[in-house]
Amino acid sequence: MATSRSHRPATRSRGIPEATVARLPLYLRALTTLSERSVPTVSSEELATAAGVNSAKLRKDFSYLGSYGTRGVGYDVEYLVYQISRELGLTQDWPVVIVGIGNLGAALANYGGFASRGFRVAALMDADAALAGKLVAGLPVRHIDELEAIVEDNQVSIGVIATPAGAAQEVCDRLVTAGVTSILNFAPTVLQVPEGVDVRKVDLSIELQILAFHEQRKAGEQGQGPDGDVPAVMPA
């Protein structure tokens, strides 16, 4: 989800595939749970099950990190937590700015998982002047006109867009111009960004539509006969 900013983690330059990078947070979440339970070691099979992947894929992913585990013992939980955290750039705090403090933006601001995972919400911003100064999650909402100054003053490199679709591209452009190089987009639209800027899109409606597809398929399978055919409807 790179410019010359020296504090960006160089995951891809080290030859780690994007698919592996996408799974690292899953491993870290499972390992953190084990660490909180004071579990010292974990096998690849146990960790793969906890992370929701197969063990062969997990072992391949960890080989990119230079971590192969110990035969008959497994992986050292604390060391893997550190290793993956370091690879993801989570051994330092990352200032984040959230733009668009409607229902979704306010919910994101109140999400406690940011701080525990190395992300500090530096500012909350909105174009609505009526929201300026309002406290949300203990932070005053700032007007969007202050965006560039806030990005520069706080060395923000990650922006979260939670605006309506129509405003998202303009906000994205301003973030990029101000120096933001990674964007998490919750707006239901595709953003256009220059090379070197990473965008991760979260669209809840699309995920629900995919689930609806699977539900429809399951319902269709349940309505089929033993040979896979839909039973004929007998006339009344």
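Just so it is clear, the model here is predicted, and its values are computed rather than measured.
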Discussion item. Check this for me, if you would: do E221 and K218 make a salt bridge, where the nitrogen-to-carboxylate-oxygen distance has to be below 4.0 angstrom?
Written reply: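 No.
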Discussion item. Salt bridge or not between R120 and D93? Use side-chain N to carboxylate O under 4.0 Å.
Written reply: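 D93 and R120: not salt-bridged.
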Which heavy atom in [X] sits nearest to a heavy atom in [Y], and how many Å separate them?
X    : Y    : value
L90  : R117 : CD2-O, 3.3 Å
I101 : M125 : CG1-O, 3.4 Å
F186 : A162 : CB-CA, 4.3 Å

Worksheet item: Does any N or O in the side chain of Q169 come within less than 3.5 Å of the main-chain N or O of G166, such that one atom is a donor and the other an acceptor?
Response: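 Not confirmed, Q169 side chain does not pair with G166 backbone.
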Examine [X] and [Y] and state if one hydrophobic cluster contains both, with Ile, Leu, Val, Met, Phe, Trp and Tyr joined whenever side-chain heavy atoms are less than 4.5 Å apart.
X    : Y    : answer
V136 : Y111 : yes
L204 : L184 : yes
L26  : Y64  : no

Worksheet item: Counting only heavy atoms not in E146, do more than 12 fall under 6.0 Å of its CD?
Response: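 Atom CD in E146 is crowded, with more than 12 foreign heavy atoms closer than 6.0 Å.
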Fill in: Other residues, nucleotides, ligands: >12 heavy atoms within 6.0 Å of E170 CD
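Atom CD in E170 is not packed in, count stays at 12 or less.
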Practice prompt. Can you tell me which residue pairs pass the salt bridge (Lys or Arg N to Asp or Glu O under 4.0 Å) test with a partner in residues 26-55, sequence neighbours excluded?
Written response: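 Every pair satisfying salt bridge (Lys or Arg N to Asp or Glu O under 4.0 Å) with a residue in residues 26-55: E45-R59.
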